[in-house]
Amino acid sequence: MNAVEIEQAVSDLAEQPFDAEAFPFAFLEAFGNKPTTLKKLRNGASNKSDLGGVLQTNNIHIRTCAPGAVAETLTALRDSPATARAKARFILATDGHTLEAEDLTSGETVACDYIDFPSHFGFFLSLAGISTVRAIKENAFDIRATSRLNRLYVELLKDNPDWGRAERRHDMNHFMARLIFCFFAEDTDIFNGTGLFTATIDQFSTRDSTNTHEVMGQIFRAMNIKPTDRAAANLRPWADVFPYVNGGLFSGNLDVPRFSKIARSYLLHIGNLDWTQINPDIFGSMIQAVADDEERGALGMHYTSVPNILKVLNPLFLDGLNAALEAAGDNARKLLNLRNRIARIRVFDPACGSGNFLVIAYKQLRAIEAEINRRRGETDRKTEIPLTSFRGIEIRDFSAEIARLALIIAEYQCDVTYRGQKEALAAFLPLDAQNWITCGNALRLDWLSICPPTGTGVKMQADDLFQTPLDQAQIDFENEGGETYICGNPPFKGSRKQKTQEKEDLERVFSGLTAKWKNVDYVGAWLMKAALYNDACEAPFAFVATNSICQGQQVPITWALLQKRGFRIRFAHTSFKWSNLAANKAGVTVVIAGVDRKHDGRRWIITDDIRREVANINPYLTHHEIDIVPAHKKPRFTQVQMEYGVYYSKSAGLILEPSEKVRLVEQGVPLRFMRRFLGSSELINGNERYCLWLDEADLEEANRYPEIAQRIAAVKRDRLETEDRAVNNLAAKPYQFRERKGDDLVKIFVPIVSSENREYFPAGLSDGSVIPTSKVFYIPDGPLWALSIIISKLHLSWIETICGRLELRLSYSNTMGWNTFPIPKLTEKNRADLTTAAENILLAREAHFPATIADLYDPEKMPDNLRAAHDRNDEVLERIYIGRRFRNDTERLEKLFEMYTRMTTKVSAE
DNA sequence: CATCCGACACCTA
DNA sequence: TAGGTGTCGGATG
């Protein structure tokens, strides 16, 4: 169960009539305990209570009691020897009217009305064994609000199916945003009287819910009427007490969906939450899942955490501002200058989602401004940071609505914090009618018109707006000379996973710049658009991106274009795993790159939160002064060619597990029809796999074995079924793989993917009969000196830098890794020495037979003789390169790049 | 034909 | 249930 599901279960439990006997079990069930666990507790097998309650070891001691006896029951629980013996973390007592509980490790206590105990669900969360308890506990309110809004949303769509259809989705989303605003407003005195909105609905709509939508509609209408027009508006008195809000929020279509009885009760239920606790930075990204059919399952668990957002914003501009604040000290004039500067900073997130980057940026700037005002003795000064300086583009309508709302709420909360409740209220209404979050496709919109660089107006230029342009951002900035920073976390999508529309988006951005855009990840288009934006005004940019944007084949496309335009990387977070609260959700590995066109200034590479100042950052995100290395079809510095293995997509029928091979042999199938089939996993882990290896001439004989005939037929079927035209054509020869190669000579085998934790890239040898899969490269009849190079530290440093990766795994490539690797002219003696060194490594491995490569190259357990053989190999090779051992990888890379540059210029000059 | 990559996918401790 | 580590298939040059 995730936190949202637990919240729902706990809320449901509180609403049911109290049953003293069943409560402890229902409580544990709500927190995700399994039926078998509960059964054992119920029949007493695992119930350790000495008070007639329920005591779960290492967890909680619960006791229900007679009315009025809660306090003494809790004391009894605390004093119970069984509580200590079972190491219970919590104790809980309730009589159905009140509930008291204590966290025995922290000493925290809860005492509340029984019906309200779900409000404290964060307190009990570790009962559910949720590992990220702290993060969830801190955001318990946002989770509860998300959960309840989700229930309301689903219920409303059930009663109003037309509101779920594409043409009314926007109305539905806008309606939800209005609701959230009202809940927030009624709890923060923005409306006159606490809980006014919920109370009015409760009081003036009938219990059968038939007129709920009318009452709400009337209230919404009131909020769209200026005080001066009120008299003529003929509002009902109970609606007239609502203030004028507008700001775009209550203009336009004021329709309200119809409420069923259930929906009405959900509504009142949500209204009873304490909305002052909302975190606009977190809440927005949680709530956006409500309107997303695909994401609703993992509701609210995918939000970008604040620390991750700060990884982008801090080095991009906040660090600089904080340094300026420190430098200003108490100097009033310097502080004033800094405040003026901050007031004109614009932050633009062209993939803003529910606006969390913008909200965090806003809050951080307000904090700096407040500190300036404090030092200048102007604490009740109105803020000079306009909300409209925080601009965004978002493709999902609901998220765009929420982003706008989150910023409004953030502004109010900052005003309360820095100026006081009274001042915040006075400044809040009516809302700014301007719209500075644009809903649309960022790759098809003109960023200059959404975030115009000067005070001069630029008209919208877009062909793919989802709404009338009138609703969209067209506000000019009055901040001539202000700074602009572009940031965000745009969507990633690998080049082979993009849909037609996404391909078109990429084409629009890149066509005219490069012909190779089809290999660029979707996120690359944001980098490129940001760079193009810089043609009009200087705007440093920093994005979270999939790490493959800084690896392998993408570097020579995107980064080459940016470098050509004079951009360099100002700071970079090297690859780290992007995490969120979603369970069972494999993450993605990302980098953060900050880019600008300034030549001077300091640069940083940040790895594991350790910041290192460097003179240069190359597109592979290391500090070396190196060129971009494009792939090469043929080896540039040797005659030795490295081939790609046999492509075996849609060939399952031709592949044999060892048991299947045995079965075929028992059926009398001749061994010459079968070969060992070797990919990375077989090479590294020693797994066995075989394949059918048939020639056209073998076909007649092979088909006499029914299983072989069946397997061939299955391959034919698979190949015809797929969408891939090229594979369809292969159905003509279903008895073999796409290629028939690699079946004769002794081969050097190089796995394609190998763990980054190994100290060497583990290539090996194999006899001629073994068939290489497309998960390995191989050198047919390869010289052993080539193996010596491939398994050297020197080559590894090249591979790690230049080749692509699978997450963090090394991903070998012949075109990028082998063909580009600088190899000096080798003398006969060099070759002989390298051959001996390679042989010694192979012998050292054999000494440990039958240990697998994975065993042998486990960095913790690598055998001494193998390590020594590698060391010797590195020694021989490195002496050939510089006459001694390299001191470290930096020296290795610098030498290799020096050679690469020299040898490639020489080659092209010839 | 030849490869590159995966807001991954799978398996195990 | 989190960490460790490489399959398979689509698509592209």
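Within every chain, numbering begins at 1; the chains are lettered A, B, ... in the order of the sequence lines, protein sequences first and strands thereafter.
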- Check the distance between B:dC5's C1' and A:I549's CD1 and give it to me in whole angstrom. 12 Å

- What residues, two or more places apart in sequence or in another chain, satisfy side-chain hydrogen bond (donor to acceptor under 3.5 Å, both in side chains) together with A:R805? none

- Electrostatic pair A:R444:A:D505 at N-O distance under 4.0 angstrom: yes

- Do the charged groups of A:E394 and A:R396 touch, with an N to O distance under 4.0 Å? yes

- Query: Any side-chain N or O of A:N685 less than 4.0 Å from the OP1 or OP2 oxygen of C:dG6?
  - Reply: yes

- Query: Starting at CD1 of A:I557 and ending at P of B:dC4, how long is that distance when rounded to a whole Å?
  - Reply: 12 Å

- Does A:K747 pair with A:E643 as a salt bridge, N-O distance under 4.0 Å? no

Dump the pairs, protein N or O against N or O of nucleotides 11-13 of chain B, anything under 3.5 Å, distances to one decimal.
none

- Note on the structure: Looking only at B:dT3, B:dC5, C:dG6, the nucleotide nearest the A:L806 side chain is C:dG6

- Query: At what distance, to the nearest 0.5 angstrom, does CG of A:L856 lie from CG of A:L866?
  - Reply: 6.0 Å

- Message: Rounded to whole Å, please give me the gap between CD in A:Q551 and C1' in B:dC5.
- Response: 10 Å

- Message: Tell me if a side-chain donor or acceptor on A:N819 pairs with a main-chain N or O of A:H632 at a distance below 3.5 Å.
- Response: yes

- Note on the structure: In whole angstroms, the gap separating C1' of B:dA7 from CG of A:N308 amounts to 13 Å

- Message: I'd like to know whether A:H795 forms a ring pair (Phe, Tyr, Trp, His ring centres under 6.0 Å) with A:Y812, so could you lay out the CA-CA distance, the side-chain angles of the two residues, the decisive distance to 0.1 Å, and finally the verdict.
- Response: CA-CA 11 Å; A:H795 195 54; A:Y812 199 90; 5.7 Å; yes

- Message: Heavy-atom count check: over 12 atoms from other residues, nucleotides or ligands less than 6.0 Å from A:K716 NZ?
- Response: no

- Can you tell me the distance, in whole Å, between the CG atom of A:D521 and the C1' atom of B:dC5? 10 Å

- Message: Taking only the C1' atom of each, what is the distance from B:dC8 to B:dC4 in whole angstrom?
- Response: 15 Å

- Message: From the set B:dC5, C:dG6, B:dA2, return the single nucleotide nearest to any side-chain atom of A:S548.
- Response: B:dC5

- Per-nucleotide protein contact string for nucleotides 8-13 of chain C (B base, S sugar-phosphate only, - none; heavy atom under 4.0 Å): BBBBSS

- Query: Reading DNA chain B 5' to 3', what string of ( ), [ ], | and . shows its pairs, if Watson-Crick and G-U wobble pairs count only when both distances fall under 3.5 Å?
  - Reply: ||||||.||||||

- Query: So how far is it from A:K650 NZ to A:L730 CG, rounded to the nearest 0.5 Å?
  - Reply: 12.0 Å

- Interatomic distance at C1', C:dG13 relative to B:dA7, whole Å: 26 Å

- Task: By nearest nucleotide on DNA chain B, pick out whichever of A:K741 and A:T546 is the more 5' one.
- Result: A:K741

- Task: Starting at atom CZ of A:F737, determine the distance to atom C1' of B:dA2, rounded to an integer number of angstrom.
- Result: 17 Å

- Message: Run the salt bridge (Lys or Arg N to Asp or Glu O under 4.0 Å) test on A:E759 and A:R867 for me, step by step, so that the C-alpha distance in whole Å, both residues' side-chain angles and the decisive distance to 0.1 Å come before the verdict.
- Response: CA-CA 10 Å; A:E759 288 172 46; A:R867 202 181 277 281; 3.0 Å; yes

- A:R758 charged N/C atom sitting above A:Y857 aromatic ring, 6.0 Å / 45°: no

- Which atom pair, heavy atoms only, marks the closest approach of A:L683 to A:V750? CD2-C, 4.5 Å

- Query: Tell me, which pairs form a ring-ring contact (aromatic ring centres under 6.0 Å, His included) where one or both residues lie in residues 716-744 of chain A, sequence neighbours left out?
  - Reply: A:F677-A:F737

- Message: Nearest 0.5 Å, please: how far is CD in A:E657 from CG in A:N687?
- Response: 9.0 Å

- Query: Whole-Å distance between C:dG4 C1' and A:E860 CD?
  - Reply: 13 Å

- In whole Å, what is the span from the CZ atom of A:F492 to the P atom of B:dC5? 16 Å

- Residues of residues 751-762 of chain A with any non-hydrogen atom less than 4.0 angstrom from an atom of DNA chain B: list those, numerically ordered, please. none

